[in-house]
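Here the structure comes first, spelled out in structure tokens, and everything after it is commentary.
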Number of protein chains: 2
Amino acid sequence: MNPRGDTWMALFPPLAGLPEAERGMLATRAAAAALPAGTTVFEPQQACGAFLFVTRGSVRVYQLDQDGNEIVLYRLGPGSICILTTMALLAADRYSAYAVTETEVEAVALPGPTFDDLMGRSPRFRGFVFLAHAERMADLMRVIQNVTFESIESRLAARLLALAADRGTLSITHQQLAAEIGSAREVVSRHLKAFERRGWVSLARNRIEVRNAASLRGAAGDADA
Amino acid sequence: MNPRGDTWMALFPPLAGLPEAERGMLATRAAAAALPAGTTVFEPQQACGAFLFVTRGSVRVYQLDQDGNEIVLYRLGPGSICILTTMALLAADRYSAYAVTETEVEAVALPGPTFDDLMGRSPRFRGFVFLAHAERMADLMRVIQNVTFESIESRLAARLLALAADRGTLSITHQQLAAEIGSAREVVSRHLKAFERRGWVSLARNRIEVRNAASLRGAAGDADA
DNA sequence: TCGTCACCGTGACTTCGTCACAGACGACAG
DNA sequence: CTGTCGTCTGTGACGAAGTCACGGTGACGA
């Protein structure tokens, strides 16, 4: 049923301490699923009825307003669970958030009843779920901190570094970058141009190369934490 | 032990469906507490070790940056639970949020072990807790939506209406109002002056009177949702 | 009555968001 | 190879919002 056995559990350190019986439940009741890049995983007024463990790839969760403005709230990678579907599952509430796969994503789905069973049976599993909720809550609070108190320049620098990771170069448009930090394309373009003039990055269509990460880190300051 | 018996549970509709045994646990294990106005309930690096039901009064939860800038995240009133302490209790995570009582507050505290016991025992109680988490998460997403996409004027109008409720007048400084919406005092002062010129409010030291709620509602637009 | 202190008003300036529009690049068909 | 087309990027102009500096003013106690 699960093509990779229960090895996916290794991606979730808090699950390591679960008793064998509960690991067995996870292994036998969970079903793996693969989603191509660009799949809409979640949007308002429509919920997926399972508890999802992400085992590979990346899911971007973002907010939209009615004019199409966008801001990225957080990303889910291997080892994360989708808290929006959990909320929708258990609290029947509705959010104004969207989630889309950025790459091909593999996830393990736990049926609602099994999830609830585990929540009742296992203090450790409860701790795991609460921890995940706490992390997402912290993500949202970080976003609020950034948009409210940090300058565009520092947020942009921080986000460039985060997205480039150690690859040093990234394929992204200015429009997408603006959506990352909840700003406007023109504003991002101007700041990138300024970064380029200072020799911190090189710009080309759809491509940004980080040339001086140290300076960017300095400009990032406290942004993103 | 609990001076008001278990009548406080009536404030939490989702608890109504709990079996008698679980209501009994809540009634006998929970302890009431009263906090004077201005008490710091929560701040980073320091957690209170219990699960809190607010039964009277109002708690303001807000974020600070290092320069003293402030933004209100949400309020807890009668019928709300304090999710930050829950998180701290179960996930041992730390937040950059502060919580302070705005009025005298009465709360019912459930010891950690009893909370965990109930979480394991009662699917309904789990649903209740998840619903509370979902509501706070929705609050944070609303804050993000507002600070990112809404104008100061609409946010200010919306917040004036929310704070004035139906009393029509409120005692608050421009500085506090700025903290409500995460802006600066001067900006708020200027917009209030504009509102006054339009006859929507009257201003005095420490006092704002709403004179034309309909116009304010119009200006609020989609802010606060 | 006189400081003192918090609160409020205002001008000047910077940063950011919005609008309009002009180039520039890449993919692709003919 | 070349023209076309859609997307991406650059830029000026302007309004909205944040920052800084400073002055006025009302409440309140010494």
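Residue numbering restarts at 1 for every chain, and letters A, B, ... go by the order of the sequence lines. As a basis for the values below, the full set of heavy atoms in this structure was taken, side chains included, without hydrogen atoms, waters or symmetry mates.
- As rounded to whole Å, 12 Å separates atom P of C:dT15 from atom CD1 of A:I152.
- Counting distance only, with no hydrogens placed and no angle test, the side-chain atoms of B:R205 and the base atoms of D:dA27 include no donor-acceptor pair under 3.5 Å.
- Rounded to a whole Å, the CZ atom of A:R197 is 11 Å from the C1' atom of D:dG10.
- For A:R185 and C:dG17, a side-chain-to-base donor-acceptor distance below 3.5 Å is absent, hydrogens and geometry of angles not being considered.
- With rounding to whole Å, A:I208 atom CD1 is found 14 Å from D:dG10 atom C1'.
- For C:dT10, the base has no donor-acceptor partner in the side chain of B:R190 [N/O atoms by modelled type, under 3.5 angstrom].
- A:N206 has its CG atom 12 Å from the C1' atom of C:dA27, to the nearest Å.
- Atoms CZ (A:R155) and C1' (C:dC16) sit 10 Å apart, rounded to a whole Å.
- Taking the nucleotide of DNA chain C with the nearest heavy atom to each of B:S189 and A:E186, the more 5' of the two is matched to B:S189.
- Taking 4.0 angstrom as the limit, B:H191 places none of its side-chain polar atoms (N or O) nearer than this to OP1 or OP2 of D:dA16.
- Distance from the side chain of A:H174 is smallest to D:dG10 among C:dA6, D:dG10, D:dG18.
- Straight-line distance from the CG atom of A:L203 to the P atom of C:dG23: 21 Å, rounded to whole Å.
- A:T148 places a side-chain N or O within 3.5 Å of a backbone atom of A:I144 that can act as its donor or acceptor partner.
- The six-membered or imidazole ring of A:F42 lies away from that of A:Y98, with a centre-to-centre distance of 6.0 Å or more.
- Comparing A:E153 and B:T173 by the nucleotide of DNA chain C whose heavy atom lies nearest to each, the residue mapping closer to the 5' end is B:T173.
- When only modelled atom types and interatomic distance are considered, A:S58 and A:E102 share a side-chain donor-acceptor pair under 3.5 Å.
- Checking the phosphate oxygens (OP1, OP2) of D:dG18, a side-chain nitrogen or oxygen of B:S183 falls inside 4.0 Å.
- Searching all strands for a Watson-Crick or G-U wobble partner of C:dC2 with both distances below 3.5 Å returns D:dG29.
- Between A:L192 atom CG and D:dT9 atom P the separation is 9 Å, expressed in whole Å.
- The CZ atom of B:R205 sits 10.5 Å away from the NE2 atom of B:H174 when rounded to the nearest 0.5 Å.
- The separation between B:L177 atom CG and C:dC8 atom C1' is 13 Å, rounded to whole Å.
- The side chain of A:K193 lies closest to D:dT11 when the candidates are D:dT11, D:dT19, C:dG17.
- Each of B:R198, B:R159, B:R190 was compared with B:E153 under the salt bridge (charged side-chain N to carboxylate O under 4.0 Å, His left out) criterion, and only B:R198 meets it.
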